[in-house]
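Here it is, the structure, as structure tokens.
Letters A, B, ... are given to chains in the order of the sequence lines, protein chains preceding strands, and every chain is numbered from 1. Scope of the values below: all heavy atoms of this structure, side chains included, with no hydrogens, waters or symmetry mates.
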Amino acid sequence: AQSVTQPDIHITVSEGASLELRCNYSYGATPYLFWYVQSPGQGLQLLLKYFSGDTLVQGIKGFEAEFKRSQSSFNLRKPSVHWSDAAEYFCADTTGGGNKLTFGTGTQLKVEL
Amino acid sequence: DVKVTQSSRYLVKRTGEKVFLECVQDMDHENMFWYRQDPGLGLRLIYFSYDVKMKEKGDIPEGYSVSREKKERFSLILESASTNQTSMYLCASSLEVMQPQHFGDGTRLSIL
């Protein structure tokens, strides 16, 4: 069965520092990958998606993610974190031909001023 | 912009009650989804619908049912609410298979 792993439950970074959130997928076929962000009390907002093509994808709010098939990873990055980035981040994938998303358990990001 | 509206942000019900959670989307999306979100477990799919009157079970359908009489509305029903159904419930929709899902703000449901 496919699964999405986010190994870090909590991450704390200082404002202005760089950020990398890890995501690993296990499904063997070509994955469709997503990163979502959830601010407190809100629903999920799409940050970026990868379907095919260029393995480095740009998203909203200055985020980017890189697909690495050899490592089964789709890590989210931001060069300089802002206090407003404090939120929970979810990685998700969906099988080719299916329309169900499988979510990771999320990474809670705290930003220290 | 796609808008997915969930009828209640907070809801408190008693065990044994029949509970209805409503979700409406305004972009003519084919697919609609219901998830529950619990700390440490991420989002888990309860049911989804890919067309009016069509539904499929997700990963945790037990104790729930759904209704989709109109394309824009997807209802989640707790037939006889129990305390272990206390959770955050999120509704989502997508235009086509493989397209990103758009989420509502969630309903925090407490069963006493």
Side-chain angles (χ1 to χ4, degrees), chain A residues 1-10 21-27 29-53 57 59-60 63 65 74 87-108, chain B residues 1-10 21 23-25 27 29-51 54-61 74 87-109:
Chain A
Q2 65 177 116
S3 69
V4 177
T5 304
Q6 293 181 248
D8 303 306
I9 299 173
H10 298 280
L21 301 182
R22 295 184 290 165
C23 173
N24 293 97
Y25 66 93
S26 66
Y27 192 72
T30 301
Y32 296 80
L33 297 159
F34 306 84
W35 273 101
Y36 285 85
V37 61
Q38 185 181 34
S39 298
Q42 304 291 319
L44 276 69
Q45 180 184 22
L46 179 71
L47 284 176
L48 47 79
K49 62 183 185 285
Y50 172 78
F51 285 177
S52 64
V57 293
I60 63 170
F63 286 92
F74 188 56
E88 190 157 21
Y89 292 80
F90 292 93
C91 182
D93 77 356
T94 184
T95 58
N99 63 358
K100 295 193 292 184
L101 280 178
T102 298
F103 285 86
T105 53
T107 298
Q108 187 73 45
Chain B
D1 236 12
V2 178
K3 185 127 180 92
V4 179
T5 303
Q6 295 184 231
S7 53
S8 304
R9 292 298 302 273
Y10 301 93
L21 303 183
C23 175
V24 176
Q25 50 95 1
M27 285 301 292
H29 282 179
E30 301 291 335
N31 306 294
M32 295 189 75
F33 308 83
W34 275 106
Y35 297 89
R36 65 176 283 177
Q37 181 180 14
D38 301 288
L41 297 178
L43 276 75
R44 293 178 291 167
L45 182 65
I46 304 171
Y47 267 97
F48 68 100
S49 168
Y50 49 90
D51 201 352
M54 306 300 287
K55 61 188 179 186
E56 278 197 33
K57 293 180 180 179
D59 300 318
I60 52 164
F74 192 36
S87 187
M88 169 72 93
Y89 289 87
L90 290 164
C91 176
S93 71
S94 69
L95 178 60
E96 296 174 349
V97 170
M98 313 313 293
Q99 290 300 312
Q101 294 181 16
H102 300 265
F103 285 81
D105 285 338
T107 295
R108 188 164 293 282
L109 175 64

Hey, are the side chains of B:Tyr35 and A:Leu101 touching, using non-hydrogen atoms and a 4.5 Å cut-off?
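When only atoms from C-beta onward are counted, A:Leu101 and B:Tyr35 do touch, with a gap below 4.5 Å.
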Is the CD1 atom of B:Ile60 crowded by more than 12 outside heavy atoms at less than 6.0 Å?
yes
If every non-hydrogen atom of B:Leu90 is compared with every non-hydrogen atom of A:Gly43, which pair is closest and at what distance?
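For B:Leu90 and A:Gly43, the tightest heavy-atom pair comes out as CD2-CA, 4.1 Å.
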So, taking the atom named CZ in A:Phe90 and the one named CD in B:Gln37, what distance separates them when rounded to the nearest 0.5 Å?
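Going from the CZ atom of A:Phe90 to the CD atom of B:Gln37 covers 4.5 Å.
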Counting only non-hydrogen atoms closer than 4.5 Å, does A:Gln38 touch chain B with its backbone (N, CA, C, O), its side chain (CB onward), both, or neither?
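Just the side chain, heavy atoms under 4.5 Å.
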Side-chain contact, heavy-atom cut-off 4.5 Å: A:Phe51 with B:Gln99?
yes
Taking side chain as everything from C-beta outward and backbone as N, CA, C, O, which of these in A:Ile9 sits under 4.5 Å from a heavy atom of chain B? Side chain, backbone, both or neither.
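It is neither, since no heavy atom gets under 4.5 Å.
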B:Leu43 portion near chain A, given a 4.5 angstrom heavy-atom threshold:
both
Closest heavy-atom pair and its distance - B:Gly40, A:Thr105:
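That would be O-CG2, 3.5 Å.
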Go through the atoms of A:Gln45 and report whether side chain, backbone, both or neither lie under 4.5 Å from a heavy atom of chain B.
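No part of it gets close to chain B.
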Is chain A contacted by the side chain of B:Arg108, its backbone, both, or neither, given a heavy-atom distance below 4.5 Å?
neither
